[in-house]
Amino acid sequence: MTRRAATPLLVLLAVGWAAGQSTVDMDPDLYCTGRADDEFFRKDLGDVPDNIYKANCGYYYRCTPAAGGKKSIASALCQSELYFDVEQQICQRKHVVTNCLNIDKFQPSKPRWPLSDGEISNCPEGEIECGSGECLSSVIFCDGREDCIDGSDENVCTPLTDPNRADVCDTRKCQWSEGCFCSTDGTRIPGNLNPDQTPQMITITFTGAINDRNFRIFQDVFKDTTKHKGNDCTPKGTFFISHAFTNYSAVQELHRLGHEIGVSSITNNQNRTYWSKLSAADYEAEMDGARVIIEQFANISANEVLGVRVPRQRVGGNNQFNMMVEWGFLYDSSISAPMGRIPLWPYTLMHRLPHKCLGTDQNCPSRNFTVWEMVVNELDRRDDVKFDEVLTGCHYVDQCANLVSPLQFRNFLDNNLARHFATNRAPFGLHFTSGYFETRTDFLKEFVTWVADVAQRGDYYFVTMQQVINWMEAPTEIAAINNFQEWKGKCEVKGLPFCSLPNPCPKKVSRLFPNEEEMFLYTCMECPSTYPWINDPYGSGGFLSFNDADF
């Protein structure tokens with residue numbers, strides 16, 4: 001949408017600028033036709049000076065359903081120190097927002113697809129019209145290569161619009177013998193067990209670098225004196241490791257104690273578009289490269305590092321999952337699901353996602369992949385789930401900004417666990433960044449107590465992501481869970497660490513980390529020649545092929 005005719009400046013000054021932001025004079029037919037309900041935009045103020053658009057850069061709008069199938073427009077305002085970034089679709093610090101003059105988010109060229117009801121294609125059967133007008137075979141749309149002149153064949157590649165998307169779940173065709181599990185809405189319990197026969201699995205995950213500080217915290221959370229009442233095993237967690245600043249001797253010890261190690265990339269790039277647009281080859285360099293580093297410097301075998309979590313949960317679409325299939329990863333845990341009446345179970349991606357692809361510009365996979373998705377269920381952050389108004393939830397606990405006291409935190413844990421236990425007992429995920437408890441010692445104390453209390457209730461089990469999949473592949477009732485062998489490996493680990501004096505391996509990497517005097521790679525293995533990095537996971541001194549600006 002471009003700016004319309006000038007709005008009389010004297011009128012705007014007379015009514016006040018806040019009144020100028022009213023939705024009363026905004027025509028829903030003009031603003032909402034062809035626009036998704038989850039897309040935010042600015043008000044077109046007409047041909048007024050640029051500084052007036054900038055002064056109102058904190059206001060933003062979206063279209064909402066109204067009576068009679070029509071649309072209405074809702075407004076919102078960023079906090080005083082923030083502007084609305086129409087491209088990123090979020091409020092950000094004023095100095096980083098440079099698109100205050102833009103009304104809409106940039107929309108790439110789209111093909112004439114999917115067709116509306118009654119719309120007739122200009123192309124022969126089996127072909128789709130590109131945005132640039134030519135007709136091409138539908139089978140080459142969303143194949144990762146731009147075939148239309150304007151590249152529009154690669155701009156409709158969502159689970160709902162990809163012309164070659166995976167089929168919806170058909171339980172008659174989805175067989176365990178072929179490694180497939182799905183349900184139409186994602187809520188079915190494996191084995192069609194009754195909820196009261198199903199153990200309540202709880203997955204605690206930490207994502208990021210492992211260092212001396214948070215390693216001691218993890219030892220507190222997963223105490224060797226805490227055991228599950230149902231099988232006498234100690235609680236286990238899953239750690240998605242990002243490479244920079246990680247202590248690999250600590251990673252090796254976590255693995256020895258029975259915790260699962262997964263990967264969250266080498267670079268941990270915080271650019272949200274980087275991961276969405278990464279090629280399959282570059283995903284391999286990031287994720288399998290991270291796995292090689294873990295194998296080499298934490299002395300963990302390749303067939304044990306099977307999980308992937310993309311930084312910031314910015315899913316990489318078909319490129320990411322093609323890489324995972326080719327390089328033997330078992331599961332991803334980057335896709336979030338919105339909160340529904342009943343939480344979702346993990347599922348295989350051999351069928352279409354059973355839920356909305358959540359997140360602005362999120363690049364969810366649209367094709368058929370032999371990979372598990374350990375879906376991240378949205379958490380309810382309300383203090384009183386019965387009487388408080390509905391709030392937007394959170395997926396990482398770090399995102400639940402309203403939690404300010406240990407009592408609030410405890411209620412949050414209990415309320416969300418109760419929701420899972422009282423419905424279909426889908427695995428309850430508590431996902432943290434690795435440094436979450438470093439500045440929240442009062443929350444840590446509460447969490448340690450909560451884990452110990454829950455483990456003693458009888459039907460609750462703190463397990464790894466792989467252990468969840470193990471159980472789903474062989475659903476076992478609570479009465480027999482004590483003999484479930486897949487949970488008995490490293491049930492209760494004793495003994496001393498493999499090494500108590502790791503090599504510090506000091507390496508100065510000014511090209512990558514100009515603010516660091518030295519980078520210490522702590523490992524019980526032999527020191528590398530240089531600091532391991534992208535395309536040089538062994539640290540042999542290979543040269544980067546990525547732009548330094550990407551990091």
Side-chain angles (χ1 to χ4, degrees), residues 1-67 70-107 270 272-273 312 336 338-339 356 358-362 378-383 388-396 398-404:
M1 179 185 296
T2 57
R3 295 188 191 179
R4 296 181 300 205
T7 301
L9 182 57
L10 292 177
V11 173
L12 291 172
L13 293 175
V15 298
W17 212 216
Q21 294 299 329
S22 168
T23 62
V24 173
D25 60 340
M26 297 178 71
D27 182 359
D29 288 339
L30 178 63
Y31 282 94
C32 300
T33 300
R35 191 190 299 274
D37 289 346
D38 61 354
E39 181 190 339
F40 297 102
F41 52 91
R42 301 192 202 285
K43 183 177 183 178
D44 186 348
L45 302 172
D47 189 17
V48 298
D50 292 352
N51 66 315
I52 294 181
Y53 273 94
K54 189 169 183 179
N56 290 272
C57 198
Y59 289 91
Y60 58 102
Y61 305 82
R62 72 181 179 93
C63 297
T64 58
K70 296 184 178 298
K71 297 283 187 179
S72 63
I73 298 176
S75 64
L77 176 64
C78 298
Q79 296 177 14
S80 59
E81 70 277 11
L82 306 178
Y83 279 159
F84 182 71
D85 189 324
V86 75
E87 288 299 329
Q88 301 288 341
Q89 296 276 288
I90 57 174
C91 293
Q92 300 207 78
R93 296 289 178 184
K94 290 182 178 181
H95 72 275
V96 302
V97 179
T98 60
N99 50 50
C100 292
L101 305 185
N102 297 351
I103 305 301
D104 300 285
K105 176 182 173 59
F106 171 76
Q107 297 294 340
Q270 291 301 295
R272 65 195 296 276
T273 61
R312 299 187 66 179
S336 300
M339 189 182 302
K356 179 181 178 182
L358 195 64
T360 303
D361 285 343
Q362 190 67 287
E378 190 173 23
L379 299 168
D380 192 334
R381 61 188 179 91
R382 291 176 294 173
D383 292 333
D388 287 355
E389 64 179 70
V390 176
L391 296 174
T392 302
C394 44
H395 296 92
Y396 272 62
D398 305 56
Q399 298 165 342
C400 304
N402 63 307
L403 302 177
V404 295

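FYI, side chains are in, hydrogens and waters are out, and symmetry mates aren't considered; it's all heavy atoms of this structure.
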Contacts of type side chain to side chain contact (heavy atoms under 4.5 Å, CB included), residue Lys54, not counting sequence neighbours:
Tyr83, Cys100
List in chain and number order the residues that pass ring-ring contact (aromatic ring centres under 6.0 Å, His included) with Tyr396, two or more places apart in sequence or in another chain; answer none if no residue qualifies.
none
What residues, two or more places apart in sequence or in another chain, satisfy salt bridge (charged side-chain N to carboxylate O under 4.0 Å, His left out) together with Asp29?
none
Would you compute the distance between atom SG of Cys63 and atom CG of Asp38 and round it to the nearest 0.5 angstrom?
10.5 Å
Partner residues of Leu358 under the side chain to side chain contact (heavy atoms under 4.5 Å, CB included) criterion, sequence neighbours left out
Ser336, Pro338, His395
How many angstroms lie between CG in Asp27 and OG1 in Thr33, if you round to the nearest 0.5 Å?
8.0 Å
Hey, could you give me the CG/CG distance between Asn51 and Leu101, rounded to the nearest 0.5 Å?
10.0 Å
Nearest 0.5 Å, what's the CD-CZ distance between Gln107 and Arg35?
8.0 Å
Has Arg42 got its NZ or CZ under 6.0 Å from the middle of the six-membered ring of Tyr53, at an angle within 45 degrees of the ring axis?
no
For Gln79, I'd like to know if atom CD has over 12 heavy atoms of other residues, nucleotides or ligands within 6.0 Å.
no
For Arg312, give me all partners under side chain to side chain contact (heavy atoms under 4.5 Å, CB included), at least two apart in sequence or on another chain.
Gln270, Arg272, Arg314
From Arg62 atom CZ to Gln89 atom CD, the distance as rounded to the nearest 0.5 Å
11.5 Å
For Lys71, salt bridge (charged side-chain N to carboxylate O under 4.0 Å, His left out) partners two or more places apart
Asp37
In terms of heavy-atom contacts, Pro65 and Ser72 come closest through O-OG, 4.2 Å
Side chain to side chain, Asp25 and Lys43, heavy atoms closer than 4.5 Å
yes
Reported NZ-to-SG distance for the pair Lys70 and Cys32, which is rounded to 0.5 angstrom
12.0 Å
Looking at Val86 and Ile103, what are the two nearest heavy atoms and their distance?
CG2-O, 3.9 Å
Lys105 (side chain) donor-acceptor with Glu87 (main chain) under 3.5 angstrom
yes
If I compare all heavy atoms of Thr64 with all of Ala74, which pair ends up nearest, and what's the gap?
CG2-CB, 4.1 Å
Within-4.5 Å side-chain heavy-atom neighbours: Met26 and Tyr61:
yes
Hey, would you say the Tyr31 and Phe41 ring centroids sit under 6.0 Å apart?
yes
Is it the case that the side chain of Asn102 and the backbone of Asp104 share a donor-acceptor pair, with hydrogens and angles ignored and the cut-off at 3.5 Å?
no
Taking ring-ring contact (aromatic ring centres under 6.0 Å, His included) as the test, write out the residues that go with Tyr60, two or more places apart.
Phe40, Phe84
Tell me every residue that passes side chain to side chain contact (heavy atoms under 4.5 Å, CB included) with Ile90, counting only those two or more places apart in sequence or in another chain.
Gln88, Gln92
By salt bridge (charged side-chain N to carboxylate O under 4.0 Å, His left out), which residues pair with Asp398, not counting sequence neighbours?
none
